[in-house]
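Have a look at the structure below, then the notes.
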Amino acid sequence: MPDVKRPFDITLLSMFFQHQDMNVLDAIKKRVAVRHYESKPIPEADLKTLAWAAHKAPTGGNTPYRRVLIVNDKETVEMIRKVSPGFLSNAPAVVLIYTDLDVAYKGLGKLGRDTLSMIDAGAAAENVALAALELGLGTCFTKSYSEVGVKEILGIPENYRTEIMLQVGYPAKNAPPPLKAKPGGRITYLNYHGNRWE
Amino acid sequence: MNEDELRSKLFDLTLFFLTAARGCVDEPQIYGPLRLIDGLSRVLQIQNITGVNDPFLLSLKKEIDEKKYVVMASEEKFIKFIDELIKKSVGELKKRSRKS
């Protein structure tokens with residue numbers, strides 16, 4: 001865990017729940033995909049906090065297959081952007097969540113390698129997005145990138161699979177409003193499928 | 001015209017189209033049109049280097065950059081947006097045809 005005096009420090013858990021500016025529900029409500037950023041660099045301590053938040057997400061069977069790679073080197077971020085058609089912003093940093101496939105398979109078999117590690121990467125990514133809000137940062141989940149290209153740039157060996165990339169930065173002040181959710185989602189049922197719970 | 005800058009932009013475009021082509025194999029169908037439209041904006045960006053700066057094409061690029069994200073909210077609106085761009089471009093084509 002990074003040495004930061006923030007509510008995310010587990011020793012300050014009670015303080016977290018009393019935090020006046022942001023609580024978990026607020027953070028969930030405020031999380032949106034940010035596609036316009038300021039060029040201001042992100043302090044390394046904050047990037048470490050994001051990595052810590054990613055690692056706090058669960059892994060199936062407590063199997064240590066998750067890897068987190070933080071990229072804040074300007075030239076490397078630019079190279080990643082160039083092989084990522086879905087990286088449409090000027091974000092100054094990237095958080096990449098990926099999986100050691102050998103560890104996943106050894107620990108949890110095909111289910112771990114092909115399914116659980118991906119689910120857990122999603123949980124880790126959401127942790128990053130929520131922690132980022134606390135730090136005044138915005139994020140954008142990105143999957144439209146070249147797996148081959150990104151692995152080549154970052155020197156990731158063959159037996160790893162990238163799961164999700166988050167663009168990270170301080171949201172631009174003049175950014176357009178976030179997109180509205182598409183209709184037809186947010187369907188909840190109670191007790192059995194089909195019993196809509198409004 | 002800055003030849004080095006042009007070379008660099010052409011290389012960037014190469015990477016974009018290559019990786020977009022590979023992405024289209026697995027991505028949702030509507031992302032294909034999105035990549036083409038975004039690619040068009042990137043091609044039009046080259047005007048800045050060549051010094052051509054065609055007002056119509058610049059306005060087209062600006063409109064693409066402002067509205068391309070609508071695809072995330074509504075495929076229908078995105079398709080309408082492309083149709084509008086086509087209508088505008090055909091209007092421009094007619095004007096230019098009359099001139100020549």
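Letters A, B, ... are given to chains in the order of the sequence lines, protein chains preceding strands, and every chain is numbered from 1.
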N/O donor-acceptor pairs under 3.5 Å from side chains in residues 60-76 of chain B, not counting sequence neighbours:
residue	atom	partner	partner atom	Å
B:K61	NZ	B:S41	OG	3.0
B:K61	NZ	B:Q45	OE1	3.1
B:K61	NZ	B:D65	OD2	2.6
B:K62	NZ	B:E66	OE2	3.2
B:E63	OE1	B:K88	NZ	2.7
B:E63	OE2	B:K67	NZ	3.3
B:E63	OE2	B:K88	NZ	2.8
B:D65	OD1	B:S41	OG	2.6
B:K68	NZ	B:D38	OD1	2.9
B:S74	OG	B:E76	N	3.4
B:S74	OG	B:K77	N	3.0

Side chain from CB out, backbone as N, CA, C, O: work out which of these in B:F11 comes under 4.5 Å of a heavy atom of chain A, or both, or neither. neither
Set out, in order, the CA-CA distance, both residues' side-chain angles and the distance that settles side chain to side chain contact (heavy atoms under 4.5 Å, CB included) for A:L69 and A:V95, then state yes or no. CA-CA 6 Å; A:L69 203 163; A:V95 176; over 6 Å; no
Pairs where residues 102-151 of chain A contributes a residue and the test ring pair (Phe, Tyr, Trp, His ring centres under 6.0 Å) is met, not counting sequence neighbours: none
Of the listed B:R42, B:E27, B:R35, the one with the largest count of heavy-atom pairs under 4.5 Å with chain A is B:R35
Residue selection (most heavy-atom pairs with chain B, distance under 4.5 Å) from A:A33, A:G86, A:P176, A:G149: A:G86
Going through the distances and angles, do A:V103 and A:R67 end up as a side chain to side chain contact (heavy atoms under 4.5 Å, CB included)? CA-CA 11 Å; A:V103 172; A:R67 301 291 177 266; 4.2 Å; yes
